[in-house]
A.B. asks: 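Mind having a look at this structure? Questions to follow.
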Amino acid sequence: MLVIYNSISKQKEIFKPIYDNEVRMYVCGMTVYDYCHMGHARTVVAFDVINRYLRYAGYQVTYVRNITDIDDKIIHRAVENKESIQSLTTRFIQAMDEDLQALGTLKPDFEPKATDYVAEMIAIIEKLIAEGLAYVGRTGDVYFDVMQFEHYGKLAHKDLEALQAGARVAVEEAKKSPLDFVLWKLSKPNEPYWASPWGNGRPGWHTECVVMSKLQLGQPFDIHGGGHDLKFPHHENELAQAEGAYHQDFVHYWMHVGFIEINKEKMSKSLNNFFTIRDVLCEWRPEVLRYFLLASHYRSPVDYSLEALEGAHQALDRLYLALRGVDLNVEVVEDVVAEQYEERFKEAMDDDFNTPIALSVLFDLVRELNRAKVEGKDNVVALAQKLKHLAGVLCILTEPTEQYFQHSAANKMGIEAIENLVAQRRLARSEKNWVKADEIRQQLAEKGVIIEDSGEATTWRYE
RNA sequence: GGCUGGGUGGCAGAGUGGUCAUGCUGCGGCCUGCAAAGCCGUUUACGUCGGUUCGAUUCCGGCCCUAGCCUCCA
């Protein structure tokens with residue numbers, strides 16, 4: 001029984017899809033004017049695991065993640081770069097695809113772009129005006145009239161009074177209330193525009209998600225997610241539009257992912273304390289990054305640090321080491337003990353996708369496996385297969401074992417040279433020339449190569 | 001100011017009304033030519049002050065500290 005923490009009720013709730021075993025999930029994606037950073041990675045990986053687990057659990061998932069390819073930041077950046085908007089967004093969409101693929105995330109089933117749905121956005125704005133929920137302001141822009149939607153604030157748990165008291169924005173004369181948000185923004189000279197009943201302009205940000213989710217998933221749909229910073233105002237504003245326009249629930253389960261922090265401070269573009277995914281992938285292999293992200297629960301804040309990455313690396317090594325020397329390319333073997341670990345794994349993931357616990361189950365399985373290896377039990381293969389299989393749901397332990405340890409990289413000693421030294425050392429050892437054997441081991445260690453003897457065999461790996 | 005979250009052992013990070021999280025690290029042992037890996041054992045916890053309880057890190061209340069949102073942000 002799957003339980004999900006729902007932001008709107010602030011409680012864990014039993015998950016019941018709208019249609020039997022189908023899950024319809026929409027996640028707010030990127031605004032493509034720059035490279036993706038670790039914060040994006042976290043949200044994307046979190047929902048990737050959710051997507052994978054739901055499928056593993058037998059649900060038929062439709063996963064939609066939008067691309068925002070028109071907004072003020074994009075326009076500004078294009079001007080800054082003396083580049084067309086089209087070229088800017090195309091470039092960063094491609095970069096995003098590369099980065100997310102490197103992280104091993106599955107592509108969403110649909111990745112709608114805002115600019116492909118402008119006509120539909122205009123239609124919903126017209127409907128909102130007809131419903132009395134939107135108005136044309138004094139400057140000609142169209143605004144959502146927050147006061148007219150009685151449930152405004154129900155997601156973020158804010159009441160209008162408090163919001164107004166805290167409003168830091170200078171009241172724009174064009175709006176009735178400072179909380180009203182723009183649905184259609186008239187274009188200035190040299191800005192891109194679409195024709196509309198209110199003049200040439202472009203849609204406000206929040207509307208695209210309402211339109212694209214409804215088109216591809218219907219309304220209501222099951223899960224809507226995104227980073228924690230989207231809860232308010234973005235998701236609140238989506239909800240107001242969707243429920244205001246169609247008079248029915250918008251979303252059943254709202255999920256929000258916690259922030260990546262640096263020195264306990266939110267990583268964000270405005271604070272300029274962010275690391276891009278590609279920066280990090282220059283130093284660390286993608287799987288380490290994934291492990292790091294999965295080692296804490298998706299709702300908690302995570303502090304990004306070298307120590308944490310190193311910890312992830314070591315933990316991952318332990319998982320892979322357990323698989324070493326086991327031939328997995330055989331028919332899947334059933335084993336009662338192995339099944340117990342799968343049950344525990346499911347239990348962990350069923351509890352609001354608790355990946356830290358799921359990982360701890362994997363480590364318990366590793367101990368079981370190592371023990372079985374030492375004792376020469378006959379369930380070694382079954383345990384190893386189970387480990388690989390369950391880890392695969394989290395999309396870790398995906399590489400062939402030896403490839404993981406002997407992964408070539410430009411700055412490392414070549415495999416041939418290593419094998420050569422290992423052979424020399426084997427000879428020295430057979431002659432009980434311990435001095436020479438230790439010398440070679442030391443030589444390799446200085447190059448970051450770890451030697452492991454077990455009986456006659458010697459294996460090596462990069463540290 | 002309002003609204004959300006947090007404060008756990010050397011670090012990271014879960015969780016629970018009364019036996020173990022887990023990973024890294026420390027210590028002891030086994031194994032090993034010595035190591036590494038592995039196995040076994042083991043030390044150091046639950047911000048603070050009260051309350052409920054036979055018993056609270058876990059429930060309730062006050063306080064302190066801290067992050068986030070209230071403006072674009074995953």
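A note on names: the letters A, B, ... follow the listed sequences, proteins ahead of strands, and every chain is numbered from 1. Being a predicted model, the structure only gives us computed values, none of them experimental.
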A.B. asks: Here's a test for you: under side chain to side chain contact (heavy atoms under 4.5 Å, CB included), which of Lys346(A), Arg344(A), Gln340(A) qualifies with Glu342(A)?
C.D. replies: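 Option passing the side chain to side chain contact (heavy atoms under 4.5 Å, CB included) with Glu342(A): Lys346(A).
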
A.B. asks: Which nucleotide, C34(B), G15(B), A74(B), lies nearest any side-chain atom of Cys28(A)?
C.D. replies: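 The listed nucleotide nearest to Cys28(A)'s side chain is A74(B).
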
A.B. asks: Under 4.0 Å between any heavy atoms, over every strand shown, what does His37(A) touch: base, sugar-phosphate, or nothing? Just pick one.
C.D. replies: base

A.B. asks: Which is true for Asn354(A) with a 4.0 Å heavy-atom rule: it touches a base, it touches only sugar-phosphate, or it touches nothing?
C.D. replies: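 Contact class for Asn354(A): sugar-phosphate only.
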
A.B. asks: Would you indicate what Ser7(A) reaches in the nucleic acid, counting non-hydrogen atoms under 4.0 angstrom: base, sugar-phosphate, or nothing?
C.D. replies: nothing

A.B. asks: Remember a base hit wins even if backbone is also touched, and classify Lys10(A) as base, sugar-phosphate or nothing at under 4.0 Å, heavy atoms.
C.D. replies: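 It contacts sugar-phosphate atoms only.
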
A.B. asks: So, is Ser300(A) close to the A14(B) phosphate, meaning a side-chain N or O under 4.0 Å from OP1 or OP2?
C.D. replies: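 Answer is yes, contact under 4.0 Å.
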
A.B. asks: The side chain of Asn370(A) is closest to which nucleotide in this list: G68(B), C39(B), G2(B)?
C.D. replies: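 Per side-chain heavy atoms of Asn370(A), the pick is C39(B).
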
A.B. asks: Name the nucleic acid region contacted by Ala348(A), choosing base, sugar-phosphate or nothing; use a 4.0 angstrom heavy-atom cut-off, strictly under.
C.D. replies: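 Nothing: the residue Ala348(A), judged by heavy atoms under 4.0 Å, touches no strand.
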
A.B. asks: Quick one: Glu261(A) CD to A12(B) P, roughly how many Å, whole number?
C.D. replies: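 It works out to 12 Å between those atoms.
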
A.B. asks: Pick base, sugar-phosphate or nothing for Met267(A), based on heavy-atom distances below 4.0 Å to the nucleic acid.
C.D. replies: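 Answer is base: heavy atoms of Met267(A) come under 4.0 Å of a base.
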
A.B. asks: Counting C-beta onward and ignoring hydrogens, is there a side-chain heavy-atom pair between Val251(A) and Phe221(A) closer than 4.5 Å?
C.D. replies: yes

A.B. asks: When you measure from the side-chain N and O atoms of Arg65(A) to the phosphate of A74(B), is any distance below 4.0 Å, counting only OP1 and OP2?
C.D. replies: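 No.
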
A.B. asks: With a 4.0 Å limit, can you tell me whether Arg367(A) has a side-chain N or O closer than that to the phosphate oxygens OP1/OP2 of C40(B)?
C.D. replies: yes

A.B. asks: Taking any heavy-atom pair under 4.0 Å as a contact, classify Ser268(A): base, sugar-phosphate, or nothing.
C.D. replies: base

A.B. asks: Can a side chain N or O of Lys266(A) be found less than 4.0 Å away from OP1 or OP2 on C69(B)?
C.D. replies: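 True: Lys266(A) side-chain N/O within range (under 4.0 Å) of C69(B) OP1/OP2.
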
A.B. asks: Looking at Asp453(A) and C34(B), is any side-chain donor or acceptor paired with a base atom of the opposite kind under 3.5 Å?
C.D. replies: yes

A.B. asks: Which value, rounded to the nearest 0.5 Å, describes the distance between Arg285(A) atom CZ and Leu309(A) atom CG?
C.D. replies: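 Between atom CZ of Arg285(A) and atom CG of Leu309(A) there are 13.0 Å.
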
A.B. asks: So what does Leu362(A) hit on the nucleic acid, given a heavy-atom distance under 4.0 Å: a base, only sugar-phosphate, or nothing?
C.D. replies: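 Contact class for Leu362(A): none.
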
A.B. asks: Which listed nucleotide (A74(B), G33(B), G23(B)) is nearest to the side chain of Arg318(A)?
C.D. replies: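 Side chain of Arg318(A) sits closest to G23(B).
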
A.B. asks: Under 4.0 Å, counting only non-hydrogen atoms across every strand here, what does Ala308(A) touch: a base, just sugar-phosphate, or nothing?
C.D. replies: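 It contacts nothing in the nucleic acid.
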
A.B. asks: Return the nearest nucleotide to the side chain of Leu321(A); candidates are U22(B), C3(B), G38(B).
C.D. replies: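 Nearest nucleotide to the side chain: G38(B).
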
A.B. asks: By the 4.0 Å heavy-atom rule, please label Gly153(A) as base, sugar-phosphate, or nothing.
C.D. replies: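 No contact at all - Gly153(A) keeps every heavy atom at 4.0 Å or more from the nucleic acid.
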
A.B. asks: Is any side-chain nitrogen or oxygen of Gln314(A) closer than 4.0 Å to OP1 or OP2 of U25(B)?
C.D. replies: yes

A.B. asks: When both hydrogen-bonding distances must be under 3.5 Å and the geometry is Watson-Crick or G-U wobble, what is G23(B) paired with, if anything?
C.D. replies: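 Result: C11(B).
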
A.B. asks: Which part of the nucleic acid, if any, lies within contact of Arg461(A), taking any heavy atom under 4.0 Å across all strands shown: a base, the sugar-phosphate backbone alone, or nothing?
C.D. replies: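 Sugar-phosphate only.
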
A.B. asks: From C-beta outward on Met30(A), which listed nucleotide comes closest to its side chain: C34(B), A74(B), C72(B)?
C.D. replies: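 Nearest to the side-chain atoms of Met30(A), counting from C-beta on, is A74(B).
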
A.B. asks: Using the side-chain heavy atoms of Glu452(A), tell me which of these nucleotides is nearest: A36(B), G13(B), U25(B).
C.D. replies: A36(B)

A.B. asks: Establish whether the base of A74(B) is bridged to the side chain of Arg42(A) by a donor-acceptor pair shorter than 3.5 Å.
C.D. replies: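 No.
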
A.B. asks: Contact class for Arg425(A) vs. all strands (heavy atom < 4.0 Å): base, sugar-phosphate, or nothing?
C.D. replies: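 Base: the residue Arg425(A), judged by heavy atoms under 4.0 Å, touches a nucleobase.
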
A.B. asks: Name the nucleic acid region contacted by Asp438(A), choosing base, sugar-phosphate or nothing; use a 4.0 angstrom heavy-atom cut-off, strictly under.
C.D. replies: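 Base contact.
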
A.B. asks: Mind checking if Glu310(A) touches a base, just sugar-phosphate, or nothing, with heavy atoms under 4.0 Å?
C.D. replies: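 Result for Glu310(A) = nothing.
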
A.B. asks: Roughly how many Å apart are U58(B) and U8(B), using the C1' atom of each and rounding to a whole number?
C.D. replies: 11 Å

A.B. asks: Let's see if you can work this out: which of G23(B), A74(B), U4(B) has an atom nearest to the side-chain heavy atoms of Ala315(A)?
C.D. replies: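 Closest nucleotide to the Ala315(A) side chain: G23(B).
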
A.B. asks: Can you measure from CE (Met267(A)) to CD1 (Ile262(A)) and round to the nearest 0.5 angstrom?
C.D. replies: 3.5 Å

